[in-house]
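Taking it in order: structure first as structure tokens, then the write-up.
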Protein chains: 2
Amino acid sequence: MGATDARRPPVMADVAKEAGVSHQTVSRVLNDHPNVRGETRARVLAAIGKLGYRRNLVARALVTKHSRTLGVVSFDTTLYGPASTVYGIEQAARSAGYFVSIVSLKSIDRRGVLDALDYLADQGVDGIVVVAPQRSAATALTDLPGGIPTVAVEGGQAGGVPVVCVDQVEGGRLATEHLLSLGHETVWHVRGPSDWLEAEGRVAGWRAALAAAGRDGPEPLAGDWSPRSGYEAGRSLANMKDVTAVFVANDQMALGVLRAFTERGVRVPDQVSVVGFDDIPESEFFSPPLTTIRQDFDAVGRQSIEVLLRQIGGSGERERLVVSPSFVARASTAGR
Amino acid sequence: MGATDARRPPVMADVAKEAGVSHQTVSRVLNDHPNVRGETRARVLAAIGKLGYRRNLVARALVTKHSRTLGVVSFDTTLYGPASTVYGIEQAARSAGYFVSIVSLKSIDRRGVLDALDYLADQGVDGIVVVAPQRSAATALTDLPGGIPTVAVEGGQAGGVPVVCVDQVEGGRLATEHLLSLGHETVWHVRGPSDWLEAEGRVAGWRAALAAAGRDGPEPLAGDWSPRSGYEAGRSLANMKDVTAVFVANDQMALGVLRAFTERGVRVPDQVSVVGFDDIPESEFFSPPLTTIRQDFDAVGRQSIEVLLRQIGGSGERERLVVSPSFVARASTAGR
DNA sequence: GGCAAGACTGTGAGCGCTAACACTAGGGAG
DNA sequence: CTCCCTAGTGTTAGCGCTCACAGTCTTGCC
């Protein structure tokens with residue numbers, strides 16, 4: 001007891017004195033160095049327990065130049081997709097022994113991303129995951145401050161950095177092919193904002209599937225991912241006579257589309273079939289339950305950490321991991 | 001050019017040499033000390049710019065004992081509520097010049113919360129916000145590791161720490177009173193999990209409103225916040241004859257209830273009125289658009305940081321901030 | 001002209017830790 | 001019996017920064 005007079009937390013030297021060894025030996029025990037006698041190790045451990053010693057990671061970081069902290073830059077973590085991805089990232093990072101420092105941007109322009117990167121670099125993170133679903137964000141990654149390993153999630157062909165993403169084109173294709181296979185003449189599309197790579201990918205998949213079937217693609221309707229924008233697109237679609245199938249770029253907008261159809265008396269799936277994208281927990285309980293494309297955000301998060309850790313470990317290769325989306329059949333689609 | 005030979009990043013001493021001053025003067029410039037001549041300051045700033053110097057915050061933290069990092073412990077940041085709260089916290093913290101380190105728990109038991117707290121303490125955070133909506137988490141706060149300022153969000157009467165929360169009882173009352181004022185004989189309730197303080201509060205508000213109107217409260221149906229559990233509760237309710245008004249403890253479960261009613265041909269609001277809780281972005285587009293109680297998660301997040309910063313600043317008082325929920329009228333409720 | 005009270009700047013020490021090296025004891029090879 | 005190697009330990013020197021203090025150089029005022 002009373003080893004240290006003042007009420008300050010014990011430091012390594014206190015433990016050393018308590019155990020009757022040098023502070024370096026304490027350090028060796030803490031770092032699992034092989035050359036410590038079992039009995040000595042036990043004595044040190046006992047002293048640590050007795051004093052309630054906790055190693056000061058800041059001091060450690062200063063000398064090792066590794067903070068064991070990873071940075072995450074994301075856009076609006078209120079949305080289900082980013083939230084799930086960040087969640088997966090955080091879980092994976094923590095189980096690998098890393099802290100996670102998060103910067104949530106409200107607008108994800110070039111400037112914002114670079115500022116966030118700088119900010120995290122200042123803090124001394126060992127690596128950074130940028131959830132960069134927008135083109136402007138992805139291009140910001142071409143000229144990084146340098147030195148800090150970085151991986152992009154959903155970053156398309158982001159310059160020089162490794163990427164982990166879901167195959168959006170494939171997803172768009174799956175949705176569209178499903179609708180065509182039900183006998184629909186053509187498929188309309190409510191797309192996401194034009195700056196988003198995910199939106200682009202889904203449009204490309206939709207176009208590709210239509211082209212492969214020899215069909216004309218109508219002009220896509222623009223949305224901004226929000227239920228409201230889907231609602232507005234849905235009102236427009238409800239006014240057109242020849243619409244029988246719609247592929248909506250995310251589930252939230254699909255909800256808006258369904259709402260607009262309900263208001264106008266358009267029955268889904270009897271008159272119009274609707275497919276969404278994401279498979280948020282709610283979509284199974286929409287009216288009708290929504291057929292959609294599932295993205296495994298959790299896997300994306302986990303894989304991005306795996307790639308980042310390899311990058312920190314020194315693997316120089318510029319990996320590109322693509323996670324496949326899957327089709328989820330529910331009640332919002334039917335044949336002609 | 002070539003001030004430093006090696007390819008290592010410049011340190012304060014390099015800047016000092018470049019500007020022809022002592023390292024301490026550089027430090028003073030960086031910390032906005034008053035007693036630095038304008039011309040000297042300019043020279044230092046120029047040297048910083050020329051060398052691309054960035055202060056090493058780890059070294060700074062070692063000596064000041066302040067990391068300018070705040071920790072956040074939360075439960076399942078995939079849910080809209082926690083995600084929004086954490087978002088508000090992060091924004092507020094960053095604009096106050098703090099980094100944010102997040103730990104997202106999957107199960108929020110006592111042990112998990114304490115581990116998370118330890119983990120953050122090791123990292124040297126200056127303060128911690130615990131989003132502790134469950135009783136087991138809240139009680140974990142009664143015996144904190146000590147030393148680190150902490151505030152609880154939604155923590156009920158959590159032991160010794162300041163709390164910021166939404167008045168759940170008031171919300172439950174608002175919802176129930178609205179339904180009673182429409183002429184419903186009584187109001188049924190689909191509640192959240194029993195360990196959650198928010199669920200308890202809403203039940204209490206519902207009970208209080210019924211009691212004030214001299215009505216009997218039927219036994220509440222149990223849910224777990226998920227749309228599926230709401231769906232199951234909805235199926236039970238659809239089987240009962242005398243149900244005309246339901247207050248559901250969150251919007252996601254309300255969606256499930258609506259779905260079950262739709263399947264059974266129960267018309268909302270003609271036959272049954274439904275009120276939700278949270279006002280998630282989707283609820284405006286449910287069928288029918290959901291009358292609900294709005295929680296300002298953003299405000300909660302911001303206020304929790306304000307309280308925490310006051311706590312760090314040394315204000316000893318055990319504040320308790322209550323944010324009022326508000327009523328949002330939509331189309332899922334109607335008179336008898 | 002002298003001297004105290006500022007303004008401004010430099011020097012030294014040390015935050016708590018790890019890396020590098022120096023040292024001691026014991027054991028097998030020559 | 002000496003030598004060297006290895007296992008185990010201690011000693012020293014920083015990491016890059018801020019704090020406390022010690023200067024130096026102005027000013028203003030008697």
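A, B, ... follow the sequence lines: proteins, then strands. Residue 1 opens every chain.
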Requested in this report: Quick one: label A/Val21 by what it contacts on the DNA or RNA (base, sugar-phosphate, nothing), any heavy atom closer than 4.0 Å.
Outcome: sugar-phosphate
Requested in this report: Only counting residues at least two apart or in another chain, list the ones meeting ring-ring contact (aromatic ring centres under 6.0 Å, His included) with B/Phe297.
Outcome: B/Tyr80
Query raised in the report: What bend angle does the helix from C/dG1-D/dC30 to C/dG30-D/dC1 show across its length, from five-pair end axes and to the nearest 10 degrees?
Result: 50°
Query raised in the report: Rounding to a whole Å, what distance do you find between A/Asn56:CG and D/dG16:C1'?
Result: 15 Å
Query raised in the report: Does A/Lys65 place a side-chain N or O at less than 4.0 Å from the phosphate oxygens OP1/OP2 of C/dT18?
Result: no
Report task. Could you list the residues that satisfy salt bridge (Lys or Arg N to Asp or Glu O under 4.0 Å) with A/Asp296, not counting sequence neighbours? Result -> none
Query raised in the report: Given atom CZ of A/Arg60 and atom P of D/dG16, what is their separation to the nearest angstrom?
Result: 17 Å
Query raised in the report: Counting only N and O atoms by type, is there a donor-acceptor contact under 3.5 Å from the side chain of A/Ser104 to the main-chain atoms of A/Asp76?
Result: no
Query - Close approaches to DNA chain C from residues 24-40 of chain A, in residue order (heavy atom, under 4.0 Å) - result: A/Gln24, A/Ser27, A/Asn31
Requested in this report: Can you tell me the distance, in whole Å, between the CG atom of B/Leu57 and the P atom of D/dG16?
Outcome: 14 Å
Query raised in the report: For A/Arg8 and C/dG14, what is the distance between atoms CZ and C1' respectively, to the nearest whole Å?
Result: 13 Å
Report summary line: Of C/dT11, C/dC17, D/dG16, the nucleotide closest to the side chain of B/Ser22 is C/dT11
**Report entry** B/Pro9 backbone acceptor or donor facing B/Arg54 side chain under 3.5 Å
**Finding:** no
Query - Salt-bridge present (B/Glu306, B/Arg302; N to O < 4.0 Å) - result: no
Query raised in the report: How many Å lie between CZ on A/Arg41 and C1' on D/dT9, as a whole number?
Result: 13 Å
Requested in this report: Check side-chain contact (heavy atoms from CB on, under 4.5 Å) between B/Arg41 and all other residues, then give those that pass, not counting sequence neighbours.
Outcome: B/Val29, B/Asp32, B/Val36, B/Leu45
Query raised in the report: Rounded to whole angstroms, how far apart are CZ on B/Arg55 and P on D/dC15?
Result: 19 Å
Query raised in the report: Hey, what do you get for OG1 (B/Thr85) to CD (B/Gln295), rounding to the nearest 0.5 Å?
Result: 8.0 Å
Query raised in the report: When rounded to the nearest 0.5 angstrom, what is the spacing between CZ in B/Arg28 and NE2 in B/His23?
Result: 9.5 Å
Report task. Could you state the atom-to-atom distance from CG of B/Asp122 to P of C/dG16 in whole Å? Result -> 15 Å
Report task. Using the test side-chain hydrogen bond (donor to acceptor under 3.5 Å, both in side chains), find all partners of B/Arg310 that sit at least two apart in sequence or belong to another chain. Result -> B/Glu319
Report summary line: Checking D/dT18, C/dG16, D/dA13 against the side chain of B/Leu62 (C-beta onward), the nearest is C/dG16
